[in-house]
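For clarity, every value in this text was computed on a predicted model and none was experimentally measured.
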Protein chains: 4
Amino acid sequence: MTRSPATQRIVCAAVAHFAEASYDGASLSAIAEAVGIRKASLYAHFASKEALFMAAFEEALGIERTFADDCFNDESDRALPGLRYCHALIRRFGESAHLRFLLRAGYMPPGTLAEWVDARHEAYLAQLNDRFLARLDDWQGAQGALCAMQRERFALAYLGIVDSLQVKLIYTTAELALARLEALSSIFEDSLIQHCKSGNTP
Amino acid sequence: MTRSPATQRIVCAAVAHFAEASYDGASLSAIAEAVGIRKASLYAHFASKEALFMAAFEEALGIERTFADDCFNDESDRALPGLRYCHALIRRFGESAHLRFLLRAGYMPPGTLAEWVDARHEAYLAQLNDRFLARLDDWQGAQGALCAMQRERFALAYLGIVDSLQVKLIYTTAELALARLEALSSIFEDSLIQHCKSGNTP
Amino acid sequence: MTRSPATQRIVCAAVAHFAEASYDGASLSAIAEAVGIRKASLYAHFASKEALFMAAFEEALGIERTFADDCFNDESDRALPGLRYCHALIRRFGESAHLRFLLRAGYMPPGTLAEWVDARHEAYLAQLNDRFLARLDDWQGAQGALCAMQRERFALAYLGIVDSLQVKLIYTTAELALARLEALSSIFEDSLIQHCKSGNTP
Amino acid sequence: MTRSPATQRIVCAAVAHFAEASYDGASLSAIAEAVGIRKASLYAHFASKEALFMAAFEEALGIERTFADDCFNDESDRALPGLRYCHALIRRFGESAHLRFLLRAGYMPPGTLAEWVDARHEAYLAQLNDRFLARLDDWQGAQGALCAMQRERFALAYLGIVDSLQVKLIYTTAELALARLEALSSIFEDSLIQHCKSGNTP
DNA sequence: GATGAATGAGTGTTCATTCAT
DNA sequence: TATGAATGAACACTCATTCAT
């Protein structure tokens, strides 16, 4: 299951190119050139452009899932749930072609791959959802003030904030994304604290 | 400056195709076919694919700006500021190729057009920002409880929510976007009311 | 329905190339080069290689059907039925790419075209069958000695002889094909005369 | 000169693939896959595609020559000379890739191999010719009524009939080939008997 | 305004072949 | 013997663009 070094370099180049140009816009010639081989040689490693795309997607997804996991694991109990991941996202975006790839990839896969991509994308979001809920439960502690409906609502809002940051990162700059994060996280915190207090007092 | 009917039909077809396939993915052949003319005839109306893209972008932008204006104008004073536009967005997304085009267009314009698109996109967001602030001021009424910093913060958050909705619309369904809107608008409202109250009482 | 001169030249070149190399073996580059244009320019005339193949096939079929018709029309009443066409075939084979194309074309059309080709090929053979039977009836004159079963048998044999000649032409030379024709036509004549006599006398 | 089992399996697969797709259409990848090895491994057994083709051709030719020999050896003295082989051909065509290969191979060998194939094909036909003549002599028995010229004529006609059957088998079905054989063999028999009788009586 | 025809550049893909391992 | 990797050449096909008509 481990990949040869050459194959791995192809996957990396593919991630970078798909990240910049989406599926249709990325060309196998360019990817091959980046690796330093001829276009035809790619076919010794992957059966088709789609197969390469899938390998690149799974590579990127694996890395980003691990990254997200780490962020949630390292978050202190008292921090606003999920905030650490949001900050890490902003710092990371410029550096990680994997992340940019994931965001762009979902946009325009060719017809056949749409479902395949969607399924994996949703699994990724479900993981974020789970990790956020776990953190939320830790955060509110023993009191457990939030009802099920409220928990769900905050999770929905949290994922919305994550998407919102990613869009801002794609379109503009880390700086502006950070400003947005501060605004959104502050209203998020306001609402969350308010509900915990009100839920706490009879 | 008014366009011939034929030219207008080309722009409409272009909007639709760019909306579905981004700049690179859309082909002049397909656009011409949709209009019912030959590809070469397009060049009697537009000097290049880029020129057509720009015309389509400005068409879509104009329509969506008007649409947004109308939403804000029609919003009742007591409604949560900007909420009407968010709901309209969700309803509209499936129907309006112009809107889908605007969202997709920013993603992958060819190198040369990136700045051109960005400038216009920002102007669009600035308008939303302005209209939201005007509504916010109306809403809090004479009291004027929010300080300048808070006003700006809520505006930033509001635009974040709008982006978040649009992403959800692109990737998934109107239904899920609506659930997200309800979650985000409720925390937004919690925070807003809280700040107005606290700002109100001495 | 009339073709532009350039289009017609492409069809002619296509007939020649498909005749020499079958469908798969013929390359659009080579056909374009023969015409004196670039490969991409072919697509201004035909939508695909298959479309060009079909046009070439129908061109060749039309010409060969006319040729066969003429041969049967010009045959004297007393000549052995269909013999004139066989001789003409041998003379013509070296000169007519259309004929060579027809024979080769049926061999290896791509999956999709197999049925299409077969249907037309059979129509061609049915025409030969009809013309032969008409001549046969003329030849035996008023007596009408041959029963229906015999008529059919001779028609089957006649088409067999035609195929046999074509194979010999493809594999070897006109000279050897002529020798084969003489052998086959003589046994054919023997049998035919014998059946007419026997049918004649009570 | 004996082949390793692996080499033999390659030749068998090659026969099958060349039979279905002619020389150009058959791909070494597909042949290798059928054998269960990689394409590059073929070159441990054969120096080139042409070399493999030649090996496959000789394999097929050997088998079909033996088959023809057997047919002629098993034919009863009183049967119409060569008829047994014709019937066997029809039965065999669907089952024997070797036979299909031989027929197809001659059609489209690449330039270099054309002569090589022709020489072997002619030797095969010469064998059929010889065996037919031997049978013909047996059949007419001691009388020896047929003159040399007639013997040769019937041999030419016989080979023509064989070719005709093969074409019908390639293009259509065993059933139609059988109908053709019955028509051709009946006129062949008519003529043959007629010439033996007339040659017999002074 | 519209079009048929042409084109150079480019797409993904397959091919037979080579070579170090 | 067998293979993974590489490659040049060719494949059918699409692209945006040009130009004479």
Side-chain angles (χ1 to χ4, degrees), chain A residues 4-7 10 23-32 35-53 110, chain B residues 4-7 10 23-32 35-53 110, chain C residues 4-7 10 23-32 35-53 110, chain D residues 4-7 10 23-32 35-53 110:
Chain A
S4 90
T7 303
I10 292 171
Y23 183 83
D24 283 327
S27 94
L28 293 188
S29 321
I31 293 173
V35 178
I37 59 176
R38 307 289 157 186
K39 187 176 29 164
S41 309
L42 292 176
Y43 287 83
H45 301 267
F46 296 97
S48 66
K49 192 186 188 183
E50 289 198 356
L52 175 55
F53 178 87
Chain B
S4 85
T7 303
I10 292 171
Y23 183 84
D24 283 329
S27 94
L28 294 188
S29 323
I31 293 172
V35 178
I37 60 176
R38 307 290 157 187
K39 186 177 25 166
S41 311
L42 292 176
Y43 288 83
H45 300 266
F46 297 96
S48 66
K49 192 184 187 184
E50 291 197 354
L52 175 55
F53 178 87
Chain C
S4 89
T7 303
I10 292 172
Y23 183 84
D24 283 327
S27 95
L28 294 187
S29 322
I31 292 173
V35 178
I37 61 176
R38 307 289 157 185
K39 185 176 26 167
S41 309
L42 291 177
Y43 289 83
H45 301 267
F46 296 96
S48 65
K49 192 186 189 183
E50 290 198 356
L52 175 55
F53 178 87
Chain D
S4 86
T7 303
I10 292 171
Y23 183 84
D24 284 328
S27 94
L28 294 187
S29 321
I31 293 172
V35 178
I37 61 176
R38 307 290 158 187
K39 184 176 29 166
S41 311
L42 292 176
Y43 288 82
H45 301 264
F46 297 96
S48 66
K49 192 184 187 184
E50 290 197 354
L52 175 55
F53 178 87

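- Of the nucleotides present, E/dT14 is the one that pairs with F/dA9 by Watson-Crick or G-U wobble criteria, both distances under 3.5 Å.
- Here the CG atom belonging to C/Leu52 is positioned 6.5 Å from the CG atom belonging to C/Leu28, to the nearest 0.5 angstrom.
- Between B/Asp24 and A/Gly25 the shortest heavy-atom distance is OD2-CA, 4.5 Å.
- Nearest-nucleotide assignment on DNA chain F puts the 5′-proximal partner with C/Lys49, out of C/Lys49 and B/Asp24.
- Contact detail for A/Ile10 and A/Ile37: the closest heavy-atom pair is CD1-CD1, 4.1 Å.
- Nearest to the side-chain atoms of D/Ala44 among the listed nucleotides F/dG4, F/dA2, E/dT13 stands F/dA2.
- As judged by a 4.0 angstrom heavy-atom cut-off over every strand, C/Ser41 is placed among the base-contacting residues.
- In the set E/dA5, F/dA16, E/dT17, the nucleotide with an atom closest to the side chain of D/Ser48 is E/dT17.
- OP1 or OP2 of F/dC15 lies within a sub-4.0 Å distance of a side-chain N or O belonging to B/Ser27.
- Projected onto DNA chain E by closest heavy-atom contact, C/Arg38 and D/Tyr23 fall at different nucleotides, the more 5' of which corresponds to C/Arg38.
- Across all non-hydrogen atoms, the minimal contact from D/Ala51 to D/Ala47 is CB-N, 4.0 Å.
- Between the CZ atom of C/Phe53 and the P atom of F/dA12 there is a distance of 14 Å, given to the nearest Å.
- Within the shown strands, E/dG8 is the pairing partner of F/dC15 under the Watson-Crick or G-U definition, both distances less than 3.5 Å.
- Regarding D/Glu50, its CD atom lies at a distance of 8 Å from the P atom of E/dT17, rounded to whole Å.
- Under the Watson-Crick or G-U wobble criterion, with both distances below 3.5 Å, F/dA20 is paired with E/dT3.
- We find that CZ of D/Phe46 is positioned 13 Å from P of E/dT17, with the value rounded to whole Å.
- Closest contact between the side chain of C/His45 and the listed nucleotides E/dT17, E/dA6, E/dG8 involves E/dA6.
- Taking only side-chain atoms of A/Ala40, from C-beta outward, the nucleotide of E/dC19, F/dT7, E/dG12 with the closest atom is F/dT7.
- The nucleotide whose nearest atom lies closest to any side-chain atom of D/Ser29 is, among F/dT17, F/dG8, E/dC15, E/dC15.
- The minimum heavy-atom distance linking A/Lys39 with A/Ser29 is given by the pair CD-OG, 3.6 Å.
- Among the atoms of the strands shown, only primed sugar atoms or phosphate atoms (P, OP1, OP2) are found under 4.0 Å from some heavy atom of B/Ala26.
- Heavy-atom nearest nucleotides on DNA chain E were determined for C/Ala6 and for D/Gly25, and the one closer to the 5' end corresponds to C/Ala6.
- When atom types are taken as modelled, the side chain of B/Lys49 and the backbone of B/Tyr23 share a donor-acceptor pair closer than 3.5 angstrom.
- For C/Ser4, counting side-chain heavy atoms from C-beta on, the closest listed nucleotide (E/dA5, F/dC15, E/dT11) is E/dA5.
- Heavy-atom distances to DNA chain F give each of D/Thr7 and B/Lys39 a nearest nucleotide, and the one nearer the 5′ end belongs to D/Thr7.
- D/Leu28 places its CG atom 16 Å from the P atom of F/dG4, with the value rounded to the nearest Å.
- In the set F/dA12, E/dT3, E/dT13, E/dT3 carries the atom at the smallest distance from any side-chain atom of B/Ile37.
- Look at CG on D/Leu42: it is 13 Å from P on F/dT1, rounded to the nearest Å.
- Distance OH (D/Tyr43) to P (F/dA6): 18 Å, rounded to an integer number of Å.
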